[in-house]
Amino acid sequence: MVKWTEEERRIIRGVWEKVDIDEIGEQLWARALIVYPWIERYFGGFGDIFTTTAILNNPKLSALGKVVLTAVDNTVKNMDNFKEMYDSLSRLHYEKIKVDPDNFRLLAECITIIIACKLKAELNPQVQATWQKFLSAVVEAMSSQYK
Amino acid sequence: MSLSAKDKDVVKAFWAKVAPKADDIGQDALSRMLVVYPQTKTYFAHWKDLSPGSAPVKKHGATVMGGVADAVGKIDDLTAGLLDLSELHAFTLRVDPANFKILAHNILVVFATKYPNDFTPEVHMAVDKFLAALARALAEKYR
């Protein structure tokens, strides 16, 4: 497990406090699908995701965004022992959903950009560095059972 | 992933909006790159001060964004348009081209922080594609 300093924990909590899971959850998969359209391969059961308008108004995508951010919320609340939580999530994404783990990195990129839009200058270089360190740890945990 | 006509229009329109703050954007992106990806500092050992907003960072940020502005103007043929810059990076600067992706990411973050309402998913996509195409053109002469 990654080691976190007090300063890093403070920064990560500070960023996360500003995130409204409902608000950001709605935007998350829309951004991912528009910026990285090949992700569509995993969304066969989600109805119309083939135009920008459809993507921006798809309730299933909104709901899934909230699911993902709830998991991140649990991670922020359990920074020292989230490995177990991600073992089963990682296995699920590998064995059942069969997601290429590079997509975890792409989704993390979208989360960072959406947060940058929300926090603006508050996401200064140091905050960005710490936040990205946190997301990298999450991405690594999500990839851990691909073996 | 070549740029469609629509991508080019989106990039040009967004660039027109952000161009007045290009120097500031460059300085911010470079500052972030040096802090968030400390391995990039290895290319700037000759600078006195690598901290965010320092004089050398400001100056170089402006230089980099000058290159981006140039690229927007040559968006219809980036490879040909950026040949000289590619040679510079390949033979003189010898920057590992993996770093182009890193700087591009930080430019996107700065666009998001400074233009949150304009940096929609569609604009994000087109600009991401453009910066990737720019990076490819910059890497053209490497080997």
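Bear in mind the structure is a predicted one, so any value in this text is a computation, not a measurement. Below, chain A is the first sequence line, B the second, and so on; all start at residue 1.
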Heavy-atom proximity to chain B below 4.5 Å, by part of A:Leu119: neither
Between A:Gln128 and chain B, with a heavy-atom cut-off of 4.5 Å, which part of the residue counts as in contact: side chain, backbone, both or neither? both
Do A:Phe43 and A:Trp29 make the cut of ring centroids closer than 6.0 angstrom? yes
At a 4.5 Å cut-off on heavy atoms, which part of B:Phe111 comes close to chain A: side chain, backbone, both, or neither? neither
Measuring only between side-chain heavy atoms, which start at C-beta, is B:Pro116 closer than 4.5 Å to A:Lys120? yes
Under 4.5 Å, counting heavy-atom pairs only, tell me which of A:Arg31, A:Gln126, A:Lys118 racks up the most with chain B. A:Arg31
Contact check, side chains of B:Asp23 and B:Lys58, non-hydrogen atoms, under 4.5 Å: no
Chain B interface, residue from A:Thr112, A:Thr130, A:Leu123 that has the most non-hydrogen pairs under 4.5 Å: A:Leu123
Heavy-atom distances under 4.5 Å only: say whether A:Glu109 touches chain B with side chain, backbone, both or neither. side chain
So, B:Tyr142 versus B:Phe91, ring centres under 6.0 angstrom or not? no
Search all heavy atoms of B:Gly61 against all heavy atoms of B:Leu30 and return the closest pair with its distance. N-CD2, 3.6 Å
Identify which of B:Lys114, B:His124, B:Glu122 forms the greatest number of heavy-atom pairs closer than 4.5 Å to chain A. B:His124
Closest heavy-atom contact between A:Ala108 and A:Leu135? O-CD1, 3.5 Å
